[in-house]
Amino acid sequence: MTVESALPVEPVPGADRPGGAPAPLAPGGAPLLGHAWNLLRDPLGFLTRLREGGEVVRLKLGPKTAYAVCDPELVATLLKSPDFLVGGPLWETMGVLLGKGVATSNGPLHRRQRRAIQPAFRMDKIHEYAAVMEEEARAMAGRWTDGQSVDIAAEVFRTATRIVARSVLQVESVDERADRLSAALHTVFEGLYRRMILSFGPLYRLPTPANRRFERALADLHRLVDEIIAERRASGTNPGDLLAALLDDRDENGETVNEQEVHDQVVSLVVAGAENVAKTLTWVFQLLAEHPEQERRLAAEVESVTAGRPVAFGDVEKLTYMRNLLTECMRIRPAVWILTRLAVVDTVLGGYRIPAGSDIVYSPLAMQRDPRAFTDHLAFDPDRWLPERAGDVTPAAHAPFSVGNRKCPGDHFSMAELALVLGTVVARWRLVPTPETDGSARIGITLQPRRGLLRVEARG
């Protein structure tokens, strides 16, 4: 008997609905867990191989059926279609962290929340935030000594947390809180992935040491955000920043939004501004350590633009190789590697029937490593983004900040931060692997190197 034949037999979802064909069942799986076993054992390999089964395939996640979308053009359709909303196992799991902030909300609530935060990410505001980005980047690079081995993931996470706290939220007493936020988020994100995959069962409710650590970290994170909000309210000040805008936001009835919504909005912004940026920077430095030729080209470009002075916001648009390198890093090693949606009506996608209430899964990592969309798809090649070569790329296969009304409002903020931190570091330091370095991916809700311990060498 094969593993596949041991799975419960059930009618194909949507088989009695007109229009479209039933999606094929993905191969593999295990009794009871179904394809959840594949997502626990080898999630990156499994999601990448799914395209061999078709553009849309069915997954068994315990007793639930989900649909994996494997074609970049269909994913673009999915993201722009009103038939699908932000939801599914990822966002249900993330709800314990993000609540009903802008990342998880839908419809009129999402539009109102997005309008409230959008002014904080205008280009003129980013120009103001750049001073904080430059200062924090220089402080990080200034802490290191020649020959020192640094935990690059911890270093950039602390820096990214400080930047978002000091710039868009103008948080006081950021030093101690940044360390607490960093520690809490690290533990929470480790636990969230297993909760997402095993969301159908009670395993995450058992009082195991890992579950207790998760609950303590989650409680500390929410407590920290409450402290930040209470501190601002007690100050009686209105510096015109994003936190002030959230505290003054009004709902559809013209009433001040409740405390929980303000809390959820702040959590969403801290998570996006710290977690995703930090994971991206961690991969950037890991890839540069593995590819010294690209590292030398980047350092030479920074030197040619700055002539030895510190990198500044005004330099960013001139650093064209850096922009291509960052784009390639986000393609081949994305921080966000799995996302989900929820079908809200009976619909058809790519010719396949999708019943209302179905969970939809897609993988940015699988799309961005699709050989049909990228020539030499596994190579780290920043030059693929040169104007004369970028036309060879399937546009839908690479949208690191999403598309449509879910496009990240902080995309320009993030790119400025990535460029300023990266430029500041490579102007001063060369990062090289150590015997302890392990650049394989550690699986969580986001990805990062399993052990990003790199040695810094002063640039002569």
Side-chain angles (χ1 to χ4, degrees), residues 121-127 129-131 133-134 136-138 140-141 156 159-160 163 276-335 364 368-369 373-403 407-408 410-431 459:
F121 296 105
R122 296 192 312 259
M123 287 305 297
D124 60 319
K125 297 295 291 184
I126 295 173
H127 189 275
Y129 303 149
M133 298 176 184
E134 294 165 11
E136 290 294 339
R138 292 167 194 166
M140 181 181 73
V156 297
T159 296
I163 287 172
N276 293 348
V277 170
K279 291 298 190 293
T280 299
L281 278 170
T282 303
W283 281 119
V284 169
F285 289 122
Q286 178 66 39
L287 286 166
L288 287 178
E290 295 171 358
H291 298 84
E293 177 57 33
Q294 282 88 339
E295 189 270 346
R296 284 191 290 270
R297 285 183 62 185
L298 178 61
E301 181 185 65
V302 172
E303 172 64 25
S304 70
V305 169
T306 64
R309 61 171 171 75
V311 177
F313 183 68
D315 301 320
V316 171
E317 64 179 15
K318 305 171 189 174
L319 297 168
T320 56
Y321 182 72
M322 176 185 286
R323 181 173 61 250
N324 293 343
L325 185 141
L326 286 170
T327 302
E328 180 69 350
C329 286
M330 288 186 285
R331 180 194 75 84
I332 198 167
R333 285 296 193 182
Q368 291 164 196
R369 295 183 172 206
F374 298 95
T375 303
D376 203 5
H377 62 291
L378 296 181
F380 176 59
D381 180 12
D383 286 341
R384 77 171 73 244
W385 302 101
L386 289 169
E388 60 268 27
R389 291 182 56 192
D392 297 334
V393 172
T394 302
H398 186 54
F401 297 102
S402 196
V403 297
K407 186 175 186 292
C408 175
D411 54 348
H412 295 298
F413 178 98
S414 298
M415 288 302 293
E417 181 178 353
L418 291 170
L420 288 170
V421 174
L422 177 57
T424 298
V425 170
V426 299
R428 184 167 180 176
W429 301 107
R430 180 184 302 106
L431 279 74
R459 198 171 295 283

Checking side chain to side chain contact (heavy atoms under 4.5 Å, CB included) for the pair Ile332/Trp283: CA distance, chi angles, key distance, verdict? CA-CA 9 Å; Ile332 198 167; Trp283 281 119; over 6 Å; no
Between Leu422 and Leu418, does a side chain to side chain contact (heavy atoms under 4.5 Å, CB included) hold up when you go through it step by step? CA-CA 6 Å; Leu422 177 57; Leu418 291 170; 5.9 Å; no
Apply side chain to side chain contact (heavy atoms under 4.5 Å, CB included) to residues Leu288 and Leu431 and explain how you reach the verdict. CA-CA 7 Å; Leu288 287 178; Leu431 279 74; over 6 Å; no
For the pair Arg369 and Leu378, evaluate side chain to side chain contact (heavy atoms under 4.5 Å, CB included) and give the outcome as yes or no after the intermediate values. CA-CA 6 Å; Arg369 295 183 172 206; Leu378 296 181; 4.2 Å; yes
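The CZ atom of Arg331 lies 12.5 Å from the CG atom of Asn324; values are rounded to the nearest 0.5 Å. Between the CE atom of Met330 and the OG1 atom of Thr280 there is a distance of 6.5 Å, given to the nearest 0.5 Å. The CH2 atom of Trp429 sits 13.5 Å away from the OG1 atom of Thr424 when rounded to the nearest 0.5 Å. Taken to the nearest 0.5 Å, the CZ atom of Phe121 stands 8.0 Å off from the OG atom of Ser414. Note that CE of Met123 and CD1 of Ile126 are 5.0 Å apart. Values are rounded to the nearest 0.5 Å. Distance check: Leu319 CG to Thr306 OG1 gives 8.0 Å after rounding to the nearest 0.5 Å.
Contact check for Asp315 versus Leu420: no side-chain heavy atoms found under the 4.5 Å cut-off. In this structure, Phe374 and Asp381 have side chains that are not in contact, with every pair of non-hydrogen atoms separated by 4.5 Å or more. Considering only heavy atoms from C-beta on, Met140 comes within 4.5 Å of Val425 through its side chain. Arg297 places none of its side-chain heavy atoms less than 4.5 Å from the side chain of His291. At a threshold of 4.5 Å between non-hydrogen side-chain atoms, the residues Phe380 and Glu290 do not count as touching. Looking at heavy atoms from C-beta onward, Tyr321 lies out of side-chain contact with Leu386 at the 4.5 angstrom threshold.
Side chain of Ser304 to backbone of Glu301: a donor-acceptor contact under 3.5 angstrom is found. Using modelled atom types, no side-chain atom of Arg323 and backbone atom of Val316 make a donor-acceptor pair closer than 3.5 Å. Looking at Glu134, its side chain does come within 3.5 Å of a backbone N or O of Phe313 through a donor-acceptor pair.
Dense packing is recorded around CD of Glu388, with more than 12 heavy atoms of other residues, nucleotides or ligands lying under 6.0 Å away.
Note on ring orientation: taking the six-membered ring where Trp is involved, the planes of Tyr129 and Phe413 are perpendicular (angle over 60°, cut-offs 30° and 60°).
Considering all non-hydrogen atoms of both residues, Ala335 and Asn276 come closest at CB-O, 4.1 Å. Contact detail for Val426 and Ala299: the closest heavy-atom pair is O-CB, 4.1 Å. Of all heavy-atom pairs between Glu417 and Ile163, the closest is OE2-CD1, 3.5 Å.
Here Arg459 pairs with Glu295 in a salt bridge; the nearest charged N to carboxylate O distance falls below 4.0 Å.
Between Glu328 and the choices Arg333, Arg389, Arg384, the salt bridge (Lys or Arg N to Asp or Glu O under 4.0 Å) rule is met once, by Arg384.
Contacts classified as ring-ring contact (aromatic ring centres under 6.0 Å, His included) and involving residues 381-400 (residues at least two apart or in different chains) are given here: Trp385-His398.
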